[in-house]
*Asks:* 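Here's a structure for you.
What you see below is based on every heavy atom in this structure, not just the backbone, and it leaves out hydrogens, waters and symmetry mates.
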Amino acid sequence: MSENVVHLHKHTDTPAAVDTAPTVLTVVPDAPPVRPVPLWVRSGRAVKIAVTHERTRTAGRAVVRHGLYTFNGGRIAARRAWDGRTGSRYERMIRAAEAAGNLEAAEEWEERLQRFRAARHHRRMDLLHSPVDAAKGVAVGAGMSVGVLVALGVIMAISTGQAGDVVTPLSATIDFIALLIRIVQIVWGPAVTIGPFLALLALWSVGRKQHAAPQWALPANVRSGEGEPITPSIVVKALRDLGVPALARAIKEMGDAGASMLGPITIAGCGVEVDVTLPSGVSTNEVQSKRRKLAENLTRHEHEVFITIPQAARTVRLWIADSGALDEPIGPSPLVTDETMTADYKKGKAPWGQDLRGDAAALSLYQRHLLITGLSNQGKTVALRSLALWLSLDKSVQFLMGDLKGVGDWAMFDGLATTLIQGPTDEHVVQVTEMVESAVDEMNRRIQAPPGTQFPPLIVLVDEAQVAFMCPAKDEDKRPYGGSKANSRYFMAVRKIHNQGRAVNVLMWQGTQDPTNENLPKLVREGAHTRASLALGTESQARMALGAKAVDGGAAPNLLRPGLDRGTLVVASDGITIPAGQSSITVRTHYIDDDAAKAITDRAKALRDGVTTLHAIEHKEEHDPLADIAAVIGDAPRVRTKDVLARLATRNAGAYGEWSFIDLKRVLDDAGAEPYKSDGVMVVSRDRVARALANRDTEGSASVE
């Protein structure tokens, strides 16, 4: 490529400053020449910028908005005038009542329509006679007025002695009327000119108050609806735009009377509540399934609208929170603020938090198994622990606790719980399983006690129970600790407590994460009387946590916001007050931190004489009762049963310290070495016991072979 080199010299006024070095300018002939942008292109860009500029768009929205305010204000005023002059309002009410299936209301509105038509007929008949009556009235009135004025003039003439005063009142009246006519002549012209503008202004004001313009044309603060109060018209519009054809058609037929579907809108805590009676052909689940759209139509977030099903047929109950109210924390727990509070397991209720209305939510724990579940880090342990903290203030309650997370969330119960096992390993699962099995043994002992025996409450609490259900470890007999089969030790121990523990105050409390059929078997979750759930991921998990009945009735822990709704529970239980017709209640639980929890357990420990907490299950020493009986008999041919029991207790107090004659007789009878009477007292024969041991050993060897 050829290059043209042009030498340019710099010139200055000072010769010494002259730079003799040439400046080289390289010109590339192949480069396309720069052409000016056509005028029409520049004009088009300018027009595009002008049209799309935010100021232009704002001005356009303002023009459309105010124009539609006036136009739609005229429509609203005309509609109101028409309603006032005709029976259309009553007819709409009749159609609304018929659509809602309320025949009594329809008959009442029809009766009102008949009364309105009768009154209107009387008014029209009166108009036929009104011109004549009016003319007569005017003539009579004018004559009387002239007579009065003349009489007044006569009185004035007599008083003043001037005969001309007789017409003075009449003349003054004529002058006053002439002045009024003059004023009207002066004002009439401007009034005729300004009147239409005033009428348009009135129509614009009506449209502005009703926001009678599209959403995109409304101002930003009106368009957002942030904090907008809930009114019947807003609820009806939200339902109409829900996307349910049958519902939209029914509301359209009702006209403005769509609000007849609504019950009273009442203040309920940090929001409002309203019952909506759906028209025929619309089912409640069609509204429930569109919770997000309904919330957006109400200018709320999804978590700020709750839909439940009351007892009334074809009715949904809407609870609508004030904007942002659910993001505000609730107050501290009464357990923290009231240091004199105590608990009553049988008659009391644990202060757990607040419901959506802002009322205190308290839970009865009397003879109820408990299950709390939810995603990780949503406040499950704190919610479960707050119940245990309240119950610890009843000194009769005993605790067996297993924390399979093992990070110290339950450490404050050391010195309060009889057993406290903390750790996430398989060995800790083994210990927790044996702890639950020991509770089963205690339950069986209580069941065999004489009728009417009273037993102190025993709470068997396992946090992070999914670790136990999913443990792969097996015992020496190849029985798994985890799982949900008939030979799974933890599963079967929990099931036994669920089946019979309630009757003797042995209760199972469990907290678990992310419920599935693998980490929370169906029989275990359905054995809990009180089921509560924090935020979950799916509706299927919600059904596992709370049951199908609660979810079908509106319970939706899967719609809670993980992280943002931490500590908010959906509870299904007869131990908590639930509004009539609902199957669950949403509770915002109090947060009790570790320091406050320790202070509460210190108060609970002061109520007790002192509890020694075991951190592992002590395995009982293996023993052979028949061999031990033979050993304590020794070389004597026979020994009294009383002496045998005393010697056994001395030999192994842990195994035989509580033995009675019945226990001794049961072992001997099973072995074929029954005790018998000698000289009037019961004795045990050395030969019989030795023969029973020999036979047992022989049979054992044969079975091994």
*Asks:* Minimum heavy-atom separation for Pro562 and Leu375, please, with both atom names.
*Replies:* CG-CD1, 4.1 Å

*Asks:* Side-chain contact, heavy-atom cut-off 4.5 Å: Val336 with His590?
*Replies:*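 Val336 vs His590: side chains apart.
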
*Asks:* Does the distance from a Lys or Arg side-chain N to an Asp or Glu carboxylate O, for Asp602 and Lys598, drop under 4.0 Å?
*Replies:* yes

*Asks:* Could you tell me if the side chain of Met412 sits less than 4.5 Å from the side chain of Ile600, heavy atoms only?
*Replies:* no

*Asks:* After noting the C-alpha distance and the side-chain angles of Trp410 and Leu420, does the key distance pass the side chain to side chain contact (heavy atoms under 4.5 Å, CB included) rule?
*Replies:* CA-CA 8 Å; Trp410 298 88; Leu420 176 60; 4.2 Å; yes

*Asks:* Which pairs with one or both residues in residues 528-556 pass salt bridge (Lys or Arg N to Asp or Glu O under 4.0 Å), sequence neighbours excluded?
*Replies:*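 Non-adjacent pairs meeting salt bridge (Lys or Arg N to Asp or Glu O under 4.0 Å): Glu539-Arg543, Arg543-Asp552.
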
*Asks:* Output every pair passing side-chain hydrogen bond (donor to acceptor under 3.5 Å, both in side chains) with a member in residues 559-569, not counting sequence neighbours, ordered by first then second residue.
*Replies:*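 Pairs touching residues 559-569 that pass the test: His303-Arg561, Asp327-Arg561, Arg561-Asp565.
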
*Asks:* Any chance you could measure Met261, atom CE, to Ile251, atom CD1, to the nearest 0.5 Å?
*Replies:*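 If I round to the nearest 0.5 Å, the distance is 4.0 Å.
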
*Asks:* Heavy atoms, side chains only, cut-off 4.5 Å: are Met341 and Pro334 in contact?
*Replies:* yes

*Asks:* Looking at Leu201, I want to see if its CG is surrounded by more than 12 non-hydrogen atoms of other residues, nucleotides or ligands under 6.0 Å.
*Replies:* yes

*Asks:* So for atom CD, which belongs to Glu526, do other residues, nucleotides or ligands contribute more than 12 heavy atoms lying within a distance under 6.0 Å?
*Replies:* yes

*Asks:* If you round to the nearest 0.5 Å, how far is CD1 of Ile578 from OG1 of Thr586?
*Replies:*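 Thr586 atom OG1 to Ile578 atom CD1 measures 10.0 Å (nearest 0.5 Å).
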
*Asks:* Using the side chain to side chain contact (heavy atoms under 4.5 Å, CB included) definition, which of the options Lys293, Lys290, Arg249 pairs with Val244?
*Replies:*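 One option only clears the test, and that one is Lys290.
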
*Asks:* Start with the C-alpha gap between Thr538 and Asn558, add the side-chain angles, then the distance that decides, and say whether side chain to side chain contact (heavy atoms under 4.5 Å, CB included) holds.
*Replies:* CA-CA 5 Å; Thr538 63; Asn558 53 301; 5.6 Å; no

*Asks:* Tell me whether the NZ or CZ atom of Arg291 lies within the 45° cone about the ring axis of Phe306 and under 6.0 Å from its centre.
*Replies:* yes

*Asks:* Hey, could you give me the CD/OG distance between Gln541 and Ser533, rounded to the nearest 0.5 Å?
*Replies:* 8.5 Å

*Asks:* Using a 3.5 Å distance criterion without hydrogens, assess whether the side chain of Asn285 forms a donor-acceptor pair with backbone atoms of Gln288.
*Replies:* no

*Asks:* Could you give the distance from NZ (Lys346) to CG (Leu365), rounded to the nearest 0.5 Å?
*Replies:*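 The NZ atom of Lys346 sits 15.0 Å away from the CG atom of Leu365.
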
*Asks:* With sequence neighbours left out, what residues match Glu302 under salt bridge (Lys or Arg N to Asp or Glu O under 4.0 Å)?
*Replies:* Arg292

*Asks:* Can a donor-acceptor pair be found, under 3.5 Å and without considering hydrogens, that links the side chain of Gln510 to the backbone of Leu461?
*Replies:*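 Not a single qualifying donor-acceptor pair exists.
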
*Asks:* Can Thr266 and Glu273 be counted as having a side-chain donor-acceptor contact under 3.5 angstrom?
*Replies:* no

*Asks:* Any non-hydrogen side-chain atom of Leu534 less than 4.5 Å from a side-chain atom of Pro557?
*Replies:* no

*Asks:* Would you check if the side chain of Gln466 reaches a backbone N or O of Asn519 as a donor-acceptor pair within less than 3.5 Å?
*Replies:*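 Not a single qualifying donor-acceptor pair exists.
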
*Asks:* Mind checking what makes ring-ring contact (aromatic ring centres under 6.0 Å, His included) contact with Tyr366, not counting sequence neighbours?
*Replies:* Tyr345

*Asks:* Roughly how far apart are Arg588 CZ and Asp355 CG, rounded to 0.5 Å?
*Replies:*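 If I round to the nearest 0.5 Å, the distance is 10.5 Å.
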
*Asks:* Sequence neighbours excluded, which residues qualify as side chain to side chain donor-acceptor pair (under 3.5 Å) partners of Thr342?
*Replies:*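 Checked Thr342 against side chain to side chain donor-acceptor pair (under 3.5 Å); zero matches.
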
*Asks:* Mind checking whether Trp352 and Ser386 have side chains closer than 4.5 Å, heavy atoms only?
*Replies:* yes

*Asks:* Hey, are the side chains of Glu464 and Lys380 touching, using non-hydrogen atoms and a 4.5 Å cut-off?
*Replies:*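 SC-SC contact between Glu464 and Lys380 confirmed.
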
*Asks:* Carefully, step by step, assess Met544 and Leu536 under the rule side chain to side chain contact (heavy atoms under 4.5 Å, CB included).
*Replies:* CA-CA 10 Å; Met544 292 180 187; Leu536 290 173; over 6 Å; no

*Asks:* Applying ring-ring contact (aromatic ring centres under 6.0 Å, His included), name anything that partners His369, two or more places apart in sequence or on another chain.
*Replies:*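 Here the qualifying residues are His498, His529.
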
*Asks:* What's the separation between atom OG1 in Thr373 and atom CD in Gln513, rounded to the nearest 0.5 Å?
*Replies:* 8.0 Å

*Asks:* Should the heavy atoms of other residues, nucleotides or ligands under 6.0 Å from NZ of Lys405 be counted, would the total exceed 12?
*Replies:*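 Atom NZ in Lys405 is packed in, count exceeds 12.
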
*Asks:* Side chains of Asp275 and Thr315 only: does a donor on one sit below 3.5 Å from an acceptor on the other?
*Replies:* no

*Asks:* Which heavy-atom pair separates Ser573 from Arg368 by the least distance, and what is that distance?
*Replies:* OG-CD, 4.3 Å

*Asks:* Quick one, Trp319 with Thr308, criterion side chain to side chain contact (heavy atoms under 4.5 Å, CB included). Give me CA distance, side-chain angles, the key distance, then yes/no.
*Replies:* CA-CA 8 Å; Trp319 185 85; Thr308 53; over 6 Å; no

*Asks:* Of all heavy-atom pairs between Ala383 and Ile372, which one has the smallest distance, and what is that distance?
*Replies:*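 In terms of heavy atoms, the two residues are closest at C-CD1, 4.4 Å.
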
*Asks:* Determine yes or no for a side-chain-to-main-chain donor-acceptor pair under 3.5 angstrom, with Arg300 supplying the side chain and Ile320 the backbone.
*Replies:* no

*Asks:* Write down the atom of Ala555, the atom of Val570, and the distance for their closest heavy-atom approach.
*Replies:* CB-CG1, 3.7 Å

*Asks:* Ignoring hydrogens and angles, tell me if any N or O in the side chain of Asp403 forms a donor-acceptor pair with the backbone of Gln422 under 3.5 Å.
*Replies:*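 Looks like no, no N/O pair under 3.5 Å.
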
*Asks:* Where do Ala246 and Gly281 come nearest, in terms of heavy atoms and distance?
*Replies:*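 Closest heavy-atom pair between Ala246 and Gly281: CB-O, 4.0 Å.
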
*Asks:* Taking Ser205 for its side chain and Ala202 for its backbone only, find out whether a donor-acceptor pair lies under 3.5 Å.
*Replies:* no

*Asks:* Less than 4.5 Å apart, side chain to side chain, heavy atoms only: is that true for Asp463 and Leu404?
*Replies:*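 They are not in contact (no side-chain heavy atoms under 4.5 Å apart), so the answer is no.
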
*Asks:* What is the minimum heavy-atom distance between Arg314 and Ser280, and which atoms define it?
*Replies:* NE-N, 3.8 Å

*Asks:* Could you check whether any side-chain heavy atom of Ile576 comes within less than 4.5 Å of a side-chain heavy atom of Val587, counting everything from C-beta outward?
*Replies:*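 They are in side-chain contact.
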
*Asks:* Taking the side chain from Thr589 and the backbone from Gly567, do they hold a donor-acceptor pair closer than 3.5 Å?
*Replies:*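 Such a contact is found between Thr589 side chain and Gly567 backbone.
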
